[in-house]
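Along the sequence shown, residues are numbered consecutively beginning with 1. Given the structure is predicted, the values throughout are model-derived calculations rather than measurements.
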Amino acid sequence: MVSGIITQDSKVHTGDLVILATGPWTAGLVDLEDRLSATGQVVIQFKPSTASPFHTFKDFPVWSADVSNTGFYGFPLNNDGILKIARHATGYVNPRAADGVSVPRTQVTNPSDTIPVEALRTFRDFLGNFFPETSSLDISYSRVCWYSDTADGHFLITPHPKLQNLIIASGDSGHGMKFLPIIGTKIVEIIEGKETEYSKLWRWRDTLKREISDGSRNVGKNALSVLGDPNNEKARMATQEELLA
């Protein structure tokens with residue numbers, strides 16, 4: 001039975017019910033029998049000069065470039081003049097040595113991390129045709145963003161069958177943001193034990209073979225590379241020099 005949590009400062013917080021809504025960290029916090037896995041997706045930023053066409057069209061909308069096939073999407077310049085572009089793709093994993101569970105690897109603990117060199121080349125190739133103006137721009141910032149994937153791409157929002165008083169609320173699989181207007185209400189219904197079409201869809205289930213058919217992701221068809229794998233040149237982190245135009 002779960003009676004609370006212990007935070008990093010060693011404080012104990014008790015409760016009648018624990019709701020674990022910890023995104024890509026969830027798989028590494030409690031045994032979910034491979035029902036969740038953290039996968040890394042690539043994000044880059046440019047900072048065009050004020051003479052760039054991107055400043056002329058700074059009010060264009062959020063865009064996607066046939067995202068179900070290419071995976072690429074992005075945003076207009078923000079108030080700091082930064083252009084952000086990302087890709088919704090198969091992604092990368094970061095398995096722990098102890099148990100093989102994929103957990104996030106971030107710049108908090110790996111401050112020199114950038115993005116895998118394979119992803120860098122894919123971005124440059126795509127953007128060279130889609131936004132040719134970026135070919136002369138240095139990548140000003142890059143990082144790996146983490147999803148909490150289920151095998152079938154649906155949320156995992158359910159009581160844990162073996163740990164009493166624990167609710168799992170995770171498994172965004174890269175599309176959690178669009179559910180923001182309703183997800184809280186749906187989680188509450190599951191906490192209250194109400195049976196709905198969502199509680200049935202997001203239940204604890206035995207679909208363990210990765211079958212996400214989410215367009216550009218093709219999980220199940222494409223193998224996920226291990227981030228920073230020393231035996232895979234494509235998965236190594238790009239150097240700062242390689243991020244330059």
Side-chain angles (χ1 to χ4, degrees), residues 23-25 27-28 34 36-47 64-74 83-151 153 172-175 209-245:
W25 301 97
D34 295 327
L36 291 179
S37 179
T39 63
Q41 312 293 327
V42 172
V43 178
I44 66 171
Q45 294 179 0
F46 297 102
K47 195 163 186 179
S64 65
D66 190 13
V67 71
S68 63
N69 287 314
T70 72
F72 285 98
Y73 65 97
L83 181 71
K84 177 182 175 181
I85 299 172
R87 190 175 185 221
H88 181 67
T90 304
Y92 298 84
V93 291
N94 181 47
R96 290 190 302 206
D99 55 14
V101 172
S102 180
V103 295
R105 168 174 164 160
T106 74
Q107 292 172 348
V108 173
T109 52
N110 296 272
S112 63
D113 274 5
T114 55
I115 57 176
V117 67
E118 174 188 40
L120 171 61
R121 293 166 184 161
T122 300
F123 269 71
R124 284 296 194 184
D125 288 346
F126 172 79
L127 292 173
N129 291 313
F130 191 75
F131 279 146
E133 295 84 359
T134 63
S135 296
S136 61
L137 298 178
D138 298 339
I139 294 175
S140 59
Y141 177 70
S142 63
R143 71 180 179 91
V144 176
C145 172
W146 292 90
Y147 292 176
S148 176
D149 273 347
T150 58
D172 62 272
S173 300
H175 55 207
K209 181 180 178 181
R210 299 182 66 78
E211 299 174 344
I212 297 176
S213 57
D214 182 4
S216 61
R217 301 204 66 198
N218 288 325
V219 176
K221 296 180 181 178
N222 298 332
L224 281 77
S225 297
V226 175
L227 198 64
D229 181 356
N231 298 314
N232 183 358
E233 163 66 15
K234 295 180 179 180
R236 71 168 174 83
M237 291 292 180
T239 65
Q240 290 297 328
E241 289 74 20
E242 288 173 314
L243 296 179
L244 303 180

Would L127 and I44 count as a side-chain contact (heavy atoms from CB on, under 4.5 Å) if you check the C-alpha gap in whole Å, the side-chain angles of each, and the deciding distance to 0.1 Å? CA-CA 12 Å; L127 292 173; I44 66 171; 4.0 Å; yes

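- Contacts classified as salt bridge (Lys or Arg N to Asp or Glu O under 4.0 Å) and involving residues 89-117 (residues at least two apart or in different chains) are given here: R96-D99, R105-D113.
- A distance of 13.0 Å separates CD in E242 from CG in D138, rounded to the nearest 0.5 Å.
- Closest approach of A238 to L243, counting heavy atoms only: CB-CD2, 4.3 Å.
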Decide side-chain contact (heavy atoms from CB on, under 4.5 Å) for I115 and R143; before the verdict, give the C-alpha distance in whole Å, the side-chain angles of both, and the deciding distance to 0.1 Å. CA-CA 6 Å; I115 57 176; R143 71 180 179 91; 5.6 Å; no

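- A pairwise comparison of heavy atoms in V226 and A235 identifies O-CB, 3.3 Å as the closest pair.
- In this structure, N69 CG and S64 OG are separated by 11.0 Å, a value rounded to the nearest 0.5 Å.
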Go through the steps for S148 and D172 under the test side-chain hydrogen bond (donor to acceptor under 3.5 Å, both in side chains), then give the verdict. CA-CA 6 Å; S148 176; D172 62 272; 4.5 Å; no

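- Side-chain contact between R87 and F123 is present, with heavy atoms from C-beta onward closer than 4.5 Å.
- Without hydrogens or angle criteria, Q107 side chain to S142 main chain gives a donor-acceptor distance under 3.5 Å.
- A ring-centre distance under 6.0 Å is not found for F46 and Y141.
- With contacts defined as side-chain heavy-atom distances shorter than 4.5 Å, the pair V67/F72 does not qualify.
- Panel note: side chain N94, backbone L227; no donor-acceptor pair is recorded below 3.5 Å.
- To the nearest 0.5 Å, the span separating CZ on F131 from CD1 on I85 amounts to 6.0 Å.
- Shown here for K234 and P116, the closest heavy-atom pair between the two residues is O-CB, 3.8 Å.
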With side-chain contact (heavy atoms from CB on, under 4.5 Å) as the criterion, how do V42 and C145 come out once you've worked through the C-alpha distance, each side chain's angles and the decisive distance to 0.1 Å? CA-CA 6 Å; V42 172; C145 172; over 6 Å; no

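- Summarising the geometry of S102 relative to S37, their closest heavy-atom pair is CB-OG, 3.5 Å, with the distance given to 0.1 Å.
- Sorted by first and then second residue, the side-chain hydrogen bond (donor to acceptor under 3.5 Å, both in side chains) pairs with a member in residues 119-129 form an empty list; sequence neighbours excluded.
- One N or O on the side chain of S140 and one on the backbone of Q45 form a donor-acceptor pair closer than 3.5 Å.
- A pairwise comparison of heavy atoms in A38 and V93 identifies O-CG1, 4.0 Å as the closest pair.
- Taking the side chain as every heavy atom from C-beta outward, Y92 and V144 never approach each other to under 4.5 Å.
- Ring centers of Y147 and H88: under 6.0 Å apart, within the cut-off.
- Closest of all the heavy-atom pairs between D149 and S173 is OD1-CA, 3.2 Å.
- How far CD1 of I139 is from CD of Q240: 10.0 Å, rounded to the nearest 0.5 Å.
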